[in-house]
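These notes concern the structure reproduced below.
Residues take their numbers from the sequence shown, with the count starting at 1.
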Amino acid sequence: MRTARPLKSLLLQVALALVFTFAVAPVALASDDARLGLGLKSVVSGKELPAITLAPGEAVKALTVKLERGDGKRLTLKAAGLPAGRPKVLPIDQPNGVFAYRAEFHVVWGDKSTSTFTTEFKATRVGKLELRIGAGDVDLEGRRLTFQITNPAASAELVILGERGRELGIVRESWEDAPPGTPLELTWDAVEGDIVRMDLKVTDVAGFWAGMQITPFSIEIPHDEVVFESGQAAVRDSEAPKLQRTMAHIQEALARHGTLLQLKLFVAGYTDTVGGRASNQELSTRRAAAIAGWFRKNGLKIPIYYQGFGEDALAKPTPDETEEPANRRALYILSSQQPGTSASVPRGDWRKL
């Protein structure tokens with residue numbers, strides 16, 4: 001006959017069994033990438049190369065990393081005899097740009113056990129960042145700015161400022177890793193007020209940025225007045241030397257200032273108060289157009305605009321029907337944007353040649 005065991009004895013055996021079970025349970029091993037102390041130097045510039053970094057927690061007898069790059073190129077990296085705790089850097093030979101990788105790791109540990117695992121990552125390499133804007137790439141009238149940078153582009157910001165630093169507008173654009181040298185463009189809506197300055201900031205995929213301040217440009221071109229026959233608008237051959245000297249001044253100004261902004265020539269014509277107001281308006285417009293046409297015919301390739309103001313903007317105020325040579329004049333303005341209205345330019349109805 002079996003004797004019943006005391007309840008206290010049964011509980012003790014269960015407790016011992018639990019202690020034993022926990023004591024012999026295997027300890028969870030660290031993941032293979034953690035055992036390697038795997039890291040990544042993913043964003044570099046200049047002559048630096050992206051790299052896989054290692055800080056192994058235990059000895060590594062041999063390591064092979066097979067890389068497959070997003071463009072199909074295959075690379076193999078190797079290391080051997082790595083003691084525990086000693087860092088190791090495996091550079092990745094990569095051109096400038098952003099590339100995706102699939103990496104397959106084969107590890108022989110110091111105890112001769114092996115591991116194989118895969119991972120994916122992206123690496124970015126950029127050169128020295130340069131912002132490039134060419135001749136005529138800033139068109140204030142067309143409200144368009146084009147530029148290039150020497151690294152893959154990520155984003156750009158253009159802040160448009162008016163008088164006393166008042167913000168007239170701001171434009172932001174972003175791209176998905178636009179390749180180096182890609183023509184990039186920013187456009188903006190019409191703003192209220194004259195543009196005094198524009199601040200451009202362009203950022204590459206690595207977070208580096210380059211900036212530029214763009215200041216509108218406008219000057220009056222010195223000239224000798226062209227004399228027309230009474231009531232006529234044809235440029236006489238005898239007056240051509242005057243326009244040739246003016247053309248030289250324009251070309252000189254373009255050479256000095258036309259490397260960034262798209263400059264335009266604005267030709268304004270004026271009369272004295274002899275004759276009717278309407279006929280003077282029409283005559284001044286035809287004369288301004290004739291002068292603009294002479295510049296185009298003689299090789300000026302920039303945009304040319306013209307406008308006549310008749311007797312509405314007298315240089316020397318006179319009564320009606322007064323002959324005044326100072327009022328029979330022209331005005332040549334070389335500018336990156338349409339001239340603002342003033343005493344000399346009372347209207348903005350410019351016509352493009």
Side-chain angles (χ1 to χ4, degrees), residues 131-149 153-175 178 182-203 209-221 250 253-254 257-270 281 284-285 288-289 292 295-296 300-310 312-313 330-353:
L131 172 60
R132 296 173 179 171
I133 299 181
D137 283 347
V138 184
D139 184 357
L140 297 182
E141 292 300 317
R143 301 195 297 274
R144 181 176 63 254
L145 164 64
T146 57
F147 58 91
Q148 301 174 13
I149 63 171
S155 64
E157 177 183 87
L158 181 69
V159 180
I160 304 170
L161 302 170
E163 293 181 357
R164 300 181 180 87
R166 182 169 67 93
E167 185 178 297
L168 303 179
I170 185 166
V171 180
R172 294 185 178 92
E173 186 62 82
S174 59
W175 300 274
T182 300
L184 305 171
E185 182 177 276
L186 293 177
T187 60
W188 59 92
D189 296 330
V191 298
E192 294 184 2
D194 293 333
I195 297 175
V196 173
R197 194 182 84 217
M198 299 195 300
D199 293 340
L200 174 64
K201 179 180 178 181
V202 188
T203 305
W209 65 272
M212 178 177 291
Q213 281 192 354
I214 301 164
T215 303
F217 171 83
S218 180
I219 61 169
E220 290 186 19
I221 300 296
I250 293 171
L254 287 172
H257 306 288
T259 57
L260 176 60
L261 295 157
Q262 184 180 74
L263 298 181
K264 309 169 183 69
L265 179 65
F266 296 85
V267 179
Y270 307 84
Q281 172 64 47
S284 66
T285 299
F295 286 128
R296 173 68 78 233
L300 189 60
K301 299 185 183 302
I302 63 173
I304 305 175
Y305 295 78
Y306 66 92
Q307 184 174 185
F309 295 105
D312 293 343
L331 182 66
Y332 309 123
I333 303 172
L334 188 64
S335 178
S336 57
Q337 59 185 332
Q338 178 175 303
T341 57
S342 63
S344 297
V345 184
R347 296 185 299 277
D349 304 327
W350 296 95
R351 302 180 187 180
K352 188 173 184 178
L353 187 66

What distance separates Ile170 CD1 from Ile160 CD1, expressed to the nearest 0.5 Å? 9.0 Å

In Å, rounded to the nearest 0.5 Å, how long is the span from CD1 of Ile304 to CD1 of Ile250? 7.5 Å

Please report the C-alpha distance between Val159 and Glu157 in whole Å, then the side-chain angles of each, then the deciding distance to 0.1 Å, and finally whether the side-chain contact (heavy atoms from CB on, under 4.5 Å) criterion is met. CA-CA 7 Å; Val159 180; Glu157 177 183 87; 3.8 Å; yes

Worked verdict on Ile195 versus Trp188 for side-chain contact (heavy atoms from CB on, under 4.5 Å): CA-CA 12 Å; Ile195 297 175; Trp188 59 92; 4.3 Å; yes

Give a yes or no on whether Glu192 atom CD has more than 12 heavy-atom contacts from other residues, nucleotides or ligands under 6.0 Å away. no

For Arg166, enumerate each residue passing the salt bridge (Lys or Arg N to Asp or Glu O under 4.0 Å) test, keeping only those at least two apart in sequence or located in another chain. none

Rounded distance [0.5 Å steps], CG in Leu265 versus CG in Leu300: 6.0 Å

Taking atom CD1 of Ile302 and atom CG of Leu254, what is their separation to the nearest 0.5 Å? 4.5 Å

All heavy atoms of Lys264 vs all of Tyr305, minimum pair found to be CD-CE1, 3.7 Å

Pairwise distance CD(Gln338) to CG(Leu140) - rounded to 0.5 angstrom: 11.5 Å

Please list, one pair per line, the donor and acceptor atoms closer than 3.5 Å that link side chains of residues 343-353 to other protein atoms, with sequence neighbours excluded.
from	atom 1	to	atom 2	distance (Å)
Arg347	NH1	Asp312	OD2	3.1
Arg347	NH2	Gln281	OE1	3.0
Arg347	NH2	Gly308	O	3.2

Heavy-atom nearest pair, Phe147 first then Ala156, reads CZ-CB, 3.9 Å

Taken in chain and number order and not counting sequence neighbours, the residues that satisfy ring-ring contact (aromatic ring centres under 6.0 Å, His included) with Tyr332 are His223, Phe295

side-chain contact (heavy atoms from CB on, under 4.5 Å) evaluation trace for Leu186 with Leu184: CA-CA 7 Å; Leu186 293 177; Leu184 305 171; over 6 Å; no

Are the side chains of Ile133 and Leu200 in contact, using a 4.5 Å heavy-atom criterion? yes

Donor-acceptor pair, side chain of Arg132 and main chain of Gln148, under 3.5 angstrom: no

How long is the gap from CG on Asp194 to CG on Leu161, to the nearest 0.5 Å? 13.0 Å

Determine yes or no for a side-chain-to-main-chain donor-acceptor pair under 3.5 angstrom, with Arg296 supplying the side chain and Pro303 the backbone. no

Applying side-chain contact (heavy atoms from CB on, under 4.5 Å), name anything that partners Glu185, two or more places apart in sequence or on another chain. Arg144, Thr146, Thr187

How would you list, by chain and number, every residue that makes a salt bridge (Lys or Arg N to Asp or Glu O under 4.0 Å) with Arg197, sequence neighbours excluded? Asp199

Would you give me the side-chain donor-acceptor pairs under 3.5 Å for residues 213-220, sequence neighbours excluded?
none

Considering all heavy atoms of both residues, which atom of Leu168 and which atom of Val191 are nearest to each other, and what is their separation? O-CG1, 3.7 Å

On a heavy-atom basis, the closest approach of Ala268 and Ala288 is C-CB, 4.3 Å

